[in-house]
Each structure stands twice: as C-alpha cells, then as structure tokens.
Amino acid sequence: MIKMLIPNNFVTKLIGAKGGMVREIAKKSMGAQIKILSDRKSERELQECVVTIAGTLANRQDAACLIMEQIEKFKIGGYDFDQKVLNGPE
C-alpha cells in the first residue's frame with residue numbers, strides 16, 4: 001500500500017464530480033484502489049489529507065504518478081481529464 005499526503009484544497013478536485021476523477025485515475029492505473037481519507041471537519045483543521053493506494057506494485061506506482069501529475073495541474077489552475085469525466089454524465 002502507498003500512502004500519500006495531498007493538500008486539502010485539492011481533495012474535492014481530485015475526487016471529481018460523482019467520483020469521476022478518482023475513477024478515471026484508477027482506470028488509467030489498471031485497477032488501483034484509491035481511497036481519500038478526508039472529512040469536512042478535518043479539511044478545515046488540517047492542511048493535508050491521506051490518500052491510500054492499493055493494488056499491484058505497478059498499479060500503485062502508476063496511480064501515485066497520476067495523482068501527483070494531477071495535483072501539479074491543479075496548482076496551475078488546469079485539469080487533465082475529459083470535462084465529461086469531471087462534470088459527470090450529461
């Protein structure tokens with residue numbers, strides 16, 4: 001299992017609408033199981049939240065890289081995945 005800390009201000013974006021972003025990352029990493037351990041109270045009190053990634057070594061590494069790439073894109077105000085994924089089905 002891999003554990004990562006991500007800034008709380010990106011949690012909602014990383015999850016995406018109806019979980020679309022996390023599902024897309026899991027799909028692109030060939031099935032890694034991604035869990036974001038966050039709640040509204042801790043988001044206000046802490047600056048970071050824990051993301052756990054399970055699966056094969058390759059799946060975990062791929063998912064971790066995709067998450068880090070996405071966080072960097074959020075920092076500059078952008079998204080990577082298709083807007084339909086981010087906004088949910090029409």
Side-chain angles (χ1 to χ4, degrees):
M1 180 182 298
I2 293 176
K3 290 185 178 184
M4 303 172 65
L5 291 175
I6 64 163
N8 264 337
N9 56 321
F10 297 132
V11 169
T12 303
K13 289 181 180 182
L14 185 64
I15 294 170
K18 299 180 183 177
M21 176 84 59
V22 167
R23 281 195 305 274
E24 185 67 18
I25 292 171
K27 182 179 173 183
K28 286 185 175 197
S29 64
M30 302 299 174
Q33 296 88 45
I34 302 165
K35 294 188 181 185
I36 299 172
L37 308 174
S38 178
D39 62 46
R40 297 280 180 212
K41 183 180 178 185
S42 67
E43 284 181 29
R44 288 189 296 268
E45 296 173 2
L46 303 173
Q47 294 182 358
E48 297 172 318
C49 87
V50 176
V51 175
T52 63
I53 307 167
T56 68
L57 178 59
N59 296 152
R60 292 187 313 241
Q61 290 173 331
D62 289 346
C65 287
L66 289 167
I67 290 169
M68 293 307 298
E69 287 172 11
Q70 198 58 52
I71 295 296
E72 290 305 311
K73 288 179 178 150
F74 292 154
K75 287 179 181 178
I76 59 172
Y79 288 97
D80 184 33
F81 299 113
D82 183 345
Q83 287 298 318
K84 286 183 182 178
V85 170
L86 297 176
N87 298 323
E90 295 178 356

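Note that these values count all heavy atoms, side chains included, but never hydrogens, waters or copies made by symmetry.
- Counting only heavy atoms from C-beta outward, the side chains of Lys3 and Met1 approach each other to under 4.5 Å.
- Atom-to-atom distance recorded for Gln70:CD and Met21:CE is 4.5 Å, nearest 0.5 angstrom.
- Evaluation of the side-chain contact (heavy atoms from CB on, under 4.5 Å) rule for Thr56 yields Ala58, Asn59 as partners, not counting sequence neighbours.
- We find the CD1-CD1 distance between Ile71 and Ile76 to be 12.5 Å, quoted to the nearest 0.5 Å.
- A 4.5 Å side-chain heavy-atom check between Thr52 and Lys35 finds at least one atom pair inside the cut-off.
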Taking it one step at a time, do Ile6 and Cys49 satisfy side-chain contact (heavy atoms from CB on, under 4.5 Å)?
CA-CA 6 Å; Ile6 64 163; Cys49 87; 3.8 Å; yes
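- Here Arg23 contributes atom CZ and Lys28 contributes atom NZ; the two are 14.5 Å apart, rounded to the nearest 0.5 Å.
- None of Ile2, Ile15, Val51, Leu14 except one satisfies the side chain to side chain contact (heavy atoms under 4.5 Å, CB included) rule with Ile34; the exception is Val51.
- Taking CZ of Phe10 as the start and CD of Glu48 as the end, the distance is 11.5 Å to the nearest 0.5 Å.
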Give every donor-acceptor pair under 3.5 Å between a side-chain atom in residues 60-68 and any protein atom, sequence neighbours left out.
residue : atom : partner : partner atom : Å
Arg60   : NH1  : Gly55   : O            : 3.0

